[in-house]
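Just so it is clear: chains get the letters A, B, ... in the order the sequence lines come, proteins before strands, and each one is counted from 1.
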There are 2 protein chains.
Amino acid sequence: MTRENWTIIRDKLSDDIRSGRLSAGDQLPTETQLAVRFEIGRHSVRRALEALARDGKISIEQGRGTFVADAPRLTYQIGKRTRLRRNLIPQGVAVTSRLVSAARVVAPDEVTKALLLNPGAKVTESQRITLANDLPVAVGRVYHCAERFPDFAERRDVLGSTTETYRSFGINDYVRQHTSIFSRAAKSEEAKTLKQHPDVPVLVVTAIDATPDGTPISNSRVIWSAARVNFTMEHSDG
Amino acid sequence: MTRENWTIIRDKLSDDIRSGRLSAGDQLPTETQLAVRFEIGRHSVRRALEALARDGKISIEQGRGTFVADAPRLTYQIGKRTRLRRNLIPQGVAVTSRLVSAARVVAPDEVTKALLLNPGAKVTESQRITLANDLPVAVGRVYHCAERFPDFAERRDVLGSTTETYRSFGINDYVRQHTSIFSRAAKSEEAKTLKQHPDVPVLVVTAIDATPDGTPISNSRVIWSAARVNFTMEHSDG
DNA sequence: AGAGAAAATTCATTCGGATGAATCTGACAT
DNA sequence: ATGTCAGATTCATCCGAATGAATTTTCTCT
């Protein structure tokens, strides 16, 4: 009985949310109140709340309170024709993305390999943050060969779309060549950027886009909030 | 200085592992010793260790101690020709899988939809656990239409390979039709089955396999230990 | 009213301490 | 050698308490 006490309250709250007894946006009782009601220590309450936050079921905000998450999980389709905006918009989600920084740097090893560049080649690194309904869902870095796409980040920022930007460089089509996904704990700065609880893991999605003839044109590494996204893949065509 | 004290020891240990000062299999000092050495409370030490365990960098074992993880992350390639064994073996990993249970049940809603069955149709549910070098990495349920594949689980267990089993049913080829991936916290029983720390999240991979002409033949839902796996996808052919 | 300061709320982090559970070690008897 | 059991070690869980930080609410003064 003494063991795994905190799972009781976690499961109770989880049930309340699923069944609708607690609905999206509702504020939960304070930690102290929950501790009293369930007759357990506040630390066990915190443990339970942390577990729920990791699943994205609730959102814990310091100084304000704890709330039932109101944003459902986004579905992001990965395939040959992976297009961030087009894939998220159909879900009735307002997707925006913002340029955080742009720089010209010597390509890191992985980028050199991914883009088939010579060691020491320069690339442009643009860092963007993606929001769905004003809530950050992903933050990522994209690398382009600096010689071929000298001002990619700036143009992308003006044109507002990756597809358009490629077109302005004379590339009318591009396809996803390779994708890799893994999960890890969020670094504290990532958690801050994504406005998520420090214990929510992130999904790291590394990808290579290429022209239809197979020439790689971009290498990206996007950090997704694991609680807010769901990836799908169709293997027929893409 | 008082804030986020525990991240200091987390980062220190993480560095020690990455740099090789601590190597695979090494036992870490006990919680108490670490607390003394870093001049912080044991609870902060635990918090740091939990964070490292979530990333799969260390493995915490009650009554034994805490050890640097010795199993590297597996890479599992998802594509049109997704075959568990063939995709993992090239990495020098001894992959085995074991039937945990087999049953004949009324198809759950999602399965009905995935396999295009009539409501109330029966399916076989086989639960298998997959081990890589004797370490569990995944546990999953696979559903097959009971009419067409009445004894799938049993045959699969005898023949030792999914491909062979399908062949015995007259299916010489099959392809991955659809895959979806998301992350969530592990349920306590899943954590136990996968022999992982309760705080390590899992990746839920739902898939539909089909014959080349597009007829769905199986629906699976596999729970992967998020710390031990890494998914990749090639979008050219599969 | 309106602006700004003070107070109250609420979560964040940390510490110390206690008990339980799993595992290993070593003494002991067979 | 082998098996058993007591004790030590180590992590797991829990509680209570204090201080700090972020936010909201209330009050005060102009």
From CD of B/Q27 across to P of C/dT23 the rounded distance in Å is 14 Å
Rounded to whole Å, the CD1-C1' distance (B/I60 to C/dA22) equals 14 Å
Atom NE2 of B/H197 and atom C1' of D/dC11 are separated, to the nearest Å, by 9 Å
Minimal heavy-atom distance between A/S126 and A/A153, with the atoms involved, is CB-CB, 3.5 Å
A/E31 atom CD is separated from D/dG16 atom P, nearest whole Å, by 15 Å
Exercise for the section: Would you classify A/T66 as touching base, sugar-phosphate or nothing, given that sugar-phosphate means primed atoms plus P, OP1 and OP2, and contacts are heavy atoms under 4.0 Å? Expected result: sugar-phosphate
With a cut-off of 3.5 Å and sequence neighbours excluded, list every side-chain donor-acceptor pair involving residues 178-186 of chain A.
| from | atom 1 | to | atom 2 | distance (Å) |
| --- | --- | --- | --- | --- |
| A/H178 | NE2 | B/E234 | OE2 | 3.2 |
| A/T179 | OG1 | A/R176 | NH1 | 3.1 |
| A/T179 | OG1 | B/H235 | NE2 | 2.6 |
| A/R184 | NH1 | A/E190 | OE1 | 3.1 |
| A/R184 | NH2 | A/E190 | OE2 | 2.9 |

To the nearest angstrom, the CD1-P distance between B/I9 and C/dT13 comes to 16 Å
(Q) Do B/V202 and B/Q196 have side chains that approach each other closer than 4.5 Å (heavy atoms only, starting at C-beta)? (A) yes
Regarding the side chain of A/T30, the nearest nucleotide among C/dG20, D/dT10, C/dT10 is C/dT10
- prompt: Under 4.0 Å between a side-chain N/O of B/R64 and OP1 or OP2 of D/dT10, yes or no?
  reply: no
To the nearest angstrom, the CZ-C1' distance between A/F67 and D/dT23 comes to 10 Å
Correct closest heavy-atom pair for B/I129 and B/P136 would be CD1-CB, 4.1 Å
Separation of C/dT10 atom P from A/I58 atom CD1, nearest Å, is 16 Å
Does B/Q62 make a side-chain donor-acceptor contact with the base of C/dA21, cut-off 3.5 Å? yes
Residues in residues 40-53 of chain B with a heavy atom under 4.0 Å of DNA chain C, by number, are B/I40, B/G41, B/R42, B/H43, B/S44, B/R47
**Prompt:** Would you say the side chain of A/F152 lies within less than 4.5 Å of the side chain of A/V142, judging by non-hydrogen atoms?
**Reply:** no
Check: When you look at A/R128 and A/S97, which way does the side chain to side chain donor-acceptor pair (under 3.5 Å) test go after all the steps?
Finding: CA-CA 7 Å; A/R128 305 189 66 86; A/S97 92; 2.9 Å; yes
Residue set satisfying ring pair (Phe, Tyr, Trp, His ring centres under 6.0 Å) with A/Y143, at least two apart, ordered chain then number -> none
